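All ligand and atom numbering here is 1-based and tracks the order in the structure. Residue indices begin at 1 and follow the sequence shown. Just so you know, these numbers come straight off a predicted model, no measurement behind them.
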Amino acid sequence: MRLDIRLHFEFGARLPAQALKDIPILLEEANQGILKKGCPKGKEEEASEVKEWRVEGANLFLRILSGRYVRAHHAVKRIRNFLSENMGKKYKTGIRKVFIDRFEIQYELDREPEKEITLPFVQKIEIRSNTAYLELENLPEDLLESGIDRLLDLLEDKIKRQSYGGKAEHWEILWESPQREPIWTGDPTQEMIKRGWVVRYLPGIWYHSFTSSKIMRTIEQICLEELLSPIGFQEVIIPKVTPFNIWLKTGHMPGSAPSIFYISQPKSWDPEFWEDLSDHVKITGEIPMKLLAEKIKEPLGGACYAQCPPLYSIFERQLLDEDDMPLKFFDRSGPSYRYEAGGLHGIERDTEFHRIELVWFGSKEQALQIKDQIMEKYKHIFNEIMELEWRTAWVTPWYMAQTGEKGVEEAKEKGTIDFEGWLPWRGNRKESEWLEFQNLTVAGTKFSDAFKFKIRPGKEVWTGCSGIGLERWMSVFLSQKGLDPKNWPESFRGYLSSLPKEPKTLKL
Ligand code: SER
Ligand code: ZN
C-alpha cells in the first residue's frame, strides 16, 4: 500500500517570514514523533511522512506519503492539530480549512476484478497486475477519518462479489421429513383463481376472498394454539413504516435497496398547495405525475420488509431487566412488501405477503432454548397436523442475505434455518425447487449491538426471530393436499373441515 496526499491548510492570515523558518523544524519533529506514533516496531518507514511543503500567502501546502501504518489520511488530522498547537499562538492565526487537493492510492489486491469497477469519490481507477491505482481529487475532509478505509474495503468487496458472480447462496440440508404421497400434482394458484378464492390485483399482490382468507386464518389459529400460547409468546403491534435510520443499522440499506417499497409524505397538507394538481385531475381525469412528484417529500423510508427491525429500534439504548427475560413477542399486524421484478408468479411468491413474526430476547442460553422449543412445535405442526413433506436447511442468515452478503455462520449456534416444502406441481421431489415457507434465526448479539440494548447492569442480549409465511404455508399445504377438505389430514380438518361459498361472477 502506498498513499500519497497533497493538501493545503488555509490559515486565517498570511503566514509571516518567521514561519518559513519554523515550519521545516516543526515538520521534522512531527515526522519523527506524532506521525510514527502507534506504528509497529520495525515498520517505521511505512508510517506517514511529510515529504514536501511550501507556503503561498495564507496557505501551507503539504505532501504526505505513507505505507500501511499511520496511513496518510489519518496523518492529516494529527498534523493539523500539531501545527495548530505550535503555530496558532505564535502567529496569532489558526488553520481555518483543510483542502485535500489530490489523493493517490496504490493498493494491493488479492485478485484482479473480472470487469470494470466504479467507486464513489474516485476519479480514476486503474488495475495492473494485482495493484489498484486510485486517483481522488478535491476530497471532502470528513472522508479521511474512516471513509477512505471503507472505500478500500468496498473495492475488495466488489471484486470478491464479481467472482462469486452467480454462485448460489449457501444451502446445506439439515433434516428431512418422511416422504408423503401427494393428493394431486396441480398448481393451486390456477385452481384457486378458477374457484374465486383469489384474484390477481397487481403484480405479486392478491385479493384473498372468503376461502383463502379462512385457510390463512386457520394457519394462524394453529400457530396460536400449538406454538405461540404454549411457549408464552405475547402479541405486539409493530409499526409497518420503516424509516431509513433503522435500515441503516440493520444493513437493509443499502443491501435491500432494489426491493424496497419506498414511502413519501406530502410536502404540505394545505389544500391550496394541492390545488393545481386537483384542478388538473378534475379536467383531464388523469394524474399529472410530474407535478405530483414535486408535491411529495423525499422518501422517509419504506414499507415493512422484515417485521423485527422496528421492534429492535423500540429497545434502542434500553437496559432490560433480568427478571423480564426472556421476552417473547409476536406480530401479525400487517403485510410485508418486497418488490420483485419479472413475470407472473402464483401465490407462493408475492410482493405483498402476510407473516407472523416471532421475536425473542434473552441470554444466549435462553435464546437457544427457545429456538429448540419452537423447532419442536413446528415439527409437531408439520408432521402431525398438516402432514407435510418438508425439510430444513442451513442457509445464509437473513441478516446477511438482506444486507447483500453471501456467507454462512459456521458454528451452528447463530444463523438461519429455512423450512422448505415440496411443491409436487413443480416436479419430482429430487429435482424440483422446493418452496421456502418460513425461517428461524438466532442472530446472537447482532441486533442488540446495532441498537445498543443490554440486560442490566451490562449483560449481552441474544435475539432470535422466525417468520411464518401464511401464503407460503397455504401454498405448500394445498400443493400437497389439494383443494378439497375431504382429502385433508384429519387433524387439520379438526381446525377447518368445510369451506365458505364464494360469490359467482361473470365478466362483463
Ligand atoms: N426477519 C426475518 C426475515 O425477514 C424473519 O421473518 O426473514
Ligand atoms: Zn426477523
Side-chain angles (χ1 to χ4, degrees), residues 169-171 216 219-220 223 227-228 233 235-240 242 246-247 249-253 255-261 301-316 326-340 348-362 367 370-371 374-375 378 392-409 414-421 435-451 453 461-473:
E169 287 198 13
H170 186 87
W171 188 89
M216 287 198 281
I219 291 171
E220 259 189 7
C223 288
L227 167 78
L228 299 166
F233 278 85
E235 183 157 14
V236 287
I237 297 177
I238 302 177
K240 292 289 166 285
T242 314
I246 292 181
W247 280 334
K249 294 199 176 91
T250 56
H252 283 88
M253 209 59 206
S256 296
S259 37
I260 282 171
F261 266 62
C304 176
Y305 190 91
Q307 281 147 278
C308 58
L311 182 68
Y312 305 133
S313 82
I314 299 300
F315 289 91
E316 185 157 16
L327 281 169
K328 297 171 226 171
F329 311 87
F330 77 90
D331 171 80
R332 52 163 169 174
S333 66
S336 302
Y337 292 84
R338 295 191 186 177
Y339 176 71
E340 296 210 35
E348 72 286 346
R349 188 161 157 207
D350 300 332
T351 293
E352 178 182 274
F353 54 95
H354 300 83
R355 298 207 285 188
I356 309 177
E357 183 160 341
L358 287 59
V359 186
W360 58 102
F361 297 173
I370 292 169
K371 168 191 166 179
I374 298 173
M375 287 303 286
Y378 280 147
T392 56
W394 189 246
V395 296
T396 301
W398 72 267
Y399 51 79
M400 293 169 82
Q402 294 174 19
T403 60
E405 293 162 79
K406 288 226 165 145
V408 68
E409 302 284 3
K414 277 192 300 180
T416 294
I417 297 170
D418 271 358
F419 293 67
E420 302 181 344
L435 181 69
E436 182 222 319
F437 61 93
Q438 62 163 23
N439 60 16
L440 184 150
T441 299
V442 173
T445 60
K446 163 98 193 156
F447 297 110
S448 55
D449 288 344
F451 292 90
F453 52 91
V461 185
W462 274 45
T463 71
C465 72
S466 178
I468 297 175
L470 301 182
E471 283 90 345
R472 290 188 169 198
W473 276 43

All heavy atoms of Val408 vs all of Pro397, minimum pair found to be CA-CD, 4.0 Å
Contact summary for His354 and Glu471, nearest pair of heavy atoms: ND1-OE2, 2.7 Å
Is the His252 ring parallel, tilted or perpendicular to the Trp247 ring (thresholds 30°, 60°)? tilted
Atom indices of ligand 1 within 4.0 angstrom of [X] heavy atoms, with elements:
X: Ala306; answer: 1 (N), 4 (O)
X: Arg338; answer: 4 (O)
X: Gln402; answer: 3 (C), 4 (O), 7 (O)
X: Cys308; answer: 1 (N)
X: Cys465; answer: 1 (N), 2 (C), 5 (C)

Protein heavy-atom partner closest to atom 7 (O) of ligand 1 - residue, atom, separation in Å: Asn439 ND2, 2.9 Å
Does His252 come within less than 4.0 Å of ligand 1, judged by its heavy atoms? no
For atom CZ of Phe261, decide whether the heavy atoms of other residues, nucleotides or ligands shown that lie under 6.0 angstrom number more than 12. yes
Audit row: Leu327, Trp360, side-chain contact (heavy atoms from CB on, under 4.5 Å) steps and yes/no: CA-CA 5 Å; Leu327 281 169; Trp360 58 102; over 6 Å; no
Given Gln307, Glu357, Arg355, which one has a non-hydrogen atom that is nearest to atom 4 (O) of ligand 1? Arg355
Using atom types as modelled and distance alone, determine if a side-chain donor or acceptor of Gln307 lies under 3.5 Å from a backbone N or O of Arg355. yes
Just to verify, which of Phe451, Phe361, Phe315, Phe447 counts as forming a side chain to side chain contact (heavy atoms under 4.5 Å, CB included) with Val461? Phe361
State whether a side-chain donor-acceptor pair under 3.5 Å links Tyr312 with Thr250. no
Here the Zn ion (ligand 2) sees protein N, O or S atoms within less than 2.8 Å, and their number is 3
Under 3.5 Å between some N or O of ligand 1 and some N or O of Ser466? no
Let me see the working for Ile314 and Phe329 under side-chain contact (heavy atoms from CB on, under 4.5 Å), right down to the final yes or no. CA-CA 13 Å; Ile314 299 300; Phe329 311 87; over 6 Å; no
CA sep, side-chain torsions, deciding dist, call: Tyr305, Trp398, ring-ring contact (aromatic ring centres under 6.0 Å, His included): CA-CA 12 Å; Tyr305 190 91; Trp398 72 267; 9.1 Å; no
